[in-house]
Amino acid sequence: MQNNINILAIESSCDDTSAAVIVNGTIKSNIVANQKIHEKYGGVVPELASRAHQQNIVPVVDVALKEAGIAKTNLSAIAVTKGPGLLGSLLVGTMFAKTMALALNIPIIGVHHMQAHVLAHFIEAPKPTFPFICLTVSGGHTQLVLVKTVNNMEILGQTVDDAAGEAFDKIAKLLGLSYPGGPLLDKLAQNGNPRAFKFAEPSVPNLNYSFSGLKTSVLYFLKKQPEGFIEEHLQDLCASVQYTIVKVLMKQLLKATIKHNITNTAIAGGVSANSEFRKVFEKTGNEKGWQTYIPKFEYCTDNAAMIAISAHYQYLAKDFEDYNFIPLARCGI
Ligand code: KG4
Ligand code: ZN
């Protein structure tokens, strides 16, 4: 009888500490501990994130194993995010994973965070068929990815400055919202008029993106307004900003599908939790005859289930790391 493949996966690239267990390709648990500490600073403070990971990692792993009903001694491998991300945060996850793998004498798997966002689509059916184009949009990245197989991906275009999630968060901060502003802006936008205000729609050559001009255009617009303007027009401002970001995101995706003659399309990453983005993506897909794939909410923002599914494929390919591998703050797909 073939042994089960039981993998414990750990994600600690930014400000969420997460652990998941996957058995033969099926997720059995996915625990995420958010770090509230950053709210009062209006953004992630790297040193505080590392410390919070240190506090959270043992209980999070413990609960993930218990919920899955898997004993440490029955694990086949340990997987961990190897980058990109905040170096201090990555170090906590990788040190923990390396130590545990060494102690249990089992392989360690290093998972690329952005590839994992794409592979979140393979956690549950319906799974995309290859090749497909995935627009991965998070707090640190905005990438159009041509996905040829689970381990063969090519970046077609990406942001030349701010990521879309960063634009959401920074503009939300200008509007007085707390961190992370993306989800709050999304909520407020639901009762606002998306055409109330017009902001810059930065456009860059090829399939790249740019969001810093939009942020600046909102900043200068707000500077010219009288006191109390933001409070009075908050919902319309949020709806107009969201409308612009989604329009810019969709424009390049549309170009990519035409250029590469591909109609299988997916969105991924934290910003794919945005209600307007999900709606517009689905609607455009219907109009253009695309097959569209949107991850479940819990698999959009950072989570260890996406690390676990990636690790499952890497385990099958025997794609293991040395026990002394080092994480990388920046690394390409
Ligand atoms: O993928 P993710 O959890 O972490 C990174 O890898 O960066 O993405 C986090 C980003 C943040 O910028 C957050 O504001 C944004 O995703 N985000 C949203 C929404 N939910 C999360 N942005 C807009 N609307 C949302 N509903
Ligand atoms: Zn992420």
Side-chain angles (χ1 to χ4, degrees), residues 9-22 26-36 38-39 44 56 60 63-64 67-68 81 111 113-128 132 134-143 145 147 163-169 172 177-191 238-239 242-243 245-246 249-250 253 265-286 290-310:
I10 294 165
E11 154 63 31
S12 74
S13 65
C14 190
D15 60 341
D16 293 310
T17 318
S18 182
V21 173
I22 188 164
T26 302
I27 296 294
K28 297 293 178 188
S29 62
N30 180 36
I31 309 298
V32 184
N34 302 119
Q35 301 178 0
K36 296 280 170 235
H38 307 287
E39 261 171 36
V44 177
N56 293 342
V60 164
V63 175
E67 203 176 291
T81 305
V111 176
H113 183 84
M114 297 313 293
Q115 282 186 350
H117 270 303
V118 174
L119 295 182
H121 283 284
F122 293 83
I123 294 173
E124 284 174 12
K127 300 175 186 179
F132 67 95
C134 186
L135 175 49
T136 315
V137 202
S138 70
H141 294 79
T142 302
Q143 298 180 330
V145 185
V147 189
E166 202 177 343
F168 266 112
D169 295 340
L177 306 180
S178 63
Y179 180 85
L184 298 172
L185 193 148
D186 182 353
K187 216 168 181 186
L188 286 160
Q190 277 162 26
N191 297 314
C238 288
Q242 181 172 268
Y243 171 83
I245 294 177
V246 172
L249 286 172
M250 289 304 300
L253 173 60
T265 50
I267 58 174
V271 177
S272 63
N274 181 267
S275 58
E276 177 72 6
F277 186 30
R278 294 167 87 94
K279 220 184 300 165
V280 173
F281 173 64
E282 196 73 69
K283 185 168 171 271
T284 310
N286 282 338
W290 297 345
Q291 293 75 50
T292 52
Y293 300 92
I294 303 180
K296 258 179 149 174
F297 272 106
E298 68 219 76
Y299 301 138
C300 291
T301 45
D302 288 350
N303 65 88
M306 68 184 197
I307 306 302
I309 189 72
S310 310

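As the structure is a computational prediction, the values presented were derived from the model and not from experiment.
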>> If I compare all heavy atoms of S275 with all of D186, which pair ends up nearest, and what's the gap?
In response: OG-OD1, 2.5 Å

> Considering residues at least two apart in sequence or located in another chain, which fulfil the side-chain hydrogen bond (donor to acceptor under 3.5 Å, both in side chains) criterion with N34?
Replying inline: D16

> Rounded to the nearest 0.5 Å, what separation is found between the CZ atom of F122 and the OH atom of Y293?
Replying inline: 9.0 Å

> Do you know the tightest heavy-atom contact between I27 and A308?
Replying inline: CD1-CB, 3.8 Å

> V44 versus Y179: any side-chain heavy-atom pair under 4.5 Å?
Replying inline: yes

> Among side-chain atoms of S178 and E39, is any donor-acceptor pair under 3.5 angstrom?
Replying inline: no

> Between the main-chain N or O of C300 and the side-chain N or O of S272, is there a donor-acceptor pair closer than 3.5 Å?
Replying inline: no

> Passes side chain to side chain contact (heavy atoms under 4.5 Å, CB included), V246 versus F281? Steps please.
Replying inline: CA-CA 9 Å; V246 172; F281 173 64; over 6 Å; no

>> Do E282 and T284 pair up side chain to side chain, a donor and an acceptor below 3.5 Å, judged on atom types alone?
In response: no

>> Closer than 3.5 angstrom, by distance alone: can the side chain of H141 be matched with the main-chain N or O of G269 as a donor-acceptor pair?
In response: no

> Who passes side-chain hydrogen bond (donor to acceptor under 3.5 Å, both in side chains) against S310, sequence neighbours left out?
Replying inline: none

> What residues form a side-chain hydrogen bond (donor to acceptor under 3.5 Å, both in side chains) with S29, not counting sequence neighbours?
Replying inline: none

> Counting distance only, does the side-chain N/O of N56 pair as donor-acceptor with the main-chain N or O of T17 below 3.5 Å?
Replying inline: no

>> Counting only heavy atoms not in K127 (residues, nucleotides, ligands), do more than 12 fall under 6.0 Å from its NZ?
In response: yes

>> Checking T26 now: which residues fulfil side-chain contact (heavy atoms from CB on, under 4.5 Å) with it, not counting sequence neighbours?
In response: K28

> Can you find a pair of side-chain heavy atoms, one from L135 and one from F277, that are under 4.5 Å apart?
Replying inline: yes

> Under 3.5 Å, side chain of T142 to main-chain N/O of A163, donor-acceptor pair present?
Replying inline: no

> Hey, mind stepping through Q242 and L185 against side chain to side chain contact (heavy atoms under 4.5 Å, CB included) and telling me if it holds?
Replying inline: CA-CA 8 Å; Q242 181 172 268; L185 193 148; 4.0 Å; yes

>> If I compare all heavy atoms of V271 with all of S138, which pair ends up nearest, and what's the gap?
In response: CG2-O, 4.3 Å

>> Given 3.5 Å as the limit, does a donor-acceptor pair link the side chain of R278 with the main chain of P295, or not?
In response: yes

> Can you name the salt bridge (charged side-chain N to carboxylate O under 4.0 Å, His left out) partners of E124, sequence neighbours left out?
Replying inline: K296

> Residues in side-chain hydrogen bond (donor to acceptor under 3.5 Å, both in side chains) with D302, at least two apart?
Replying inline: H113, H117

> Do T81 and I10 touch side chain to side chain, with heavy atoms closer than 4.5 Å?
Replying inline: no

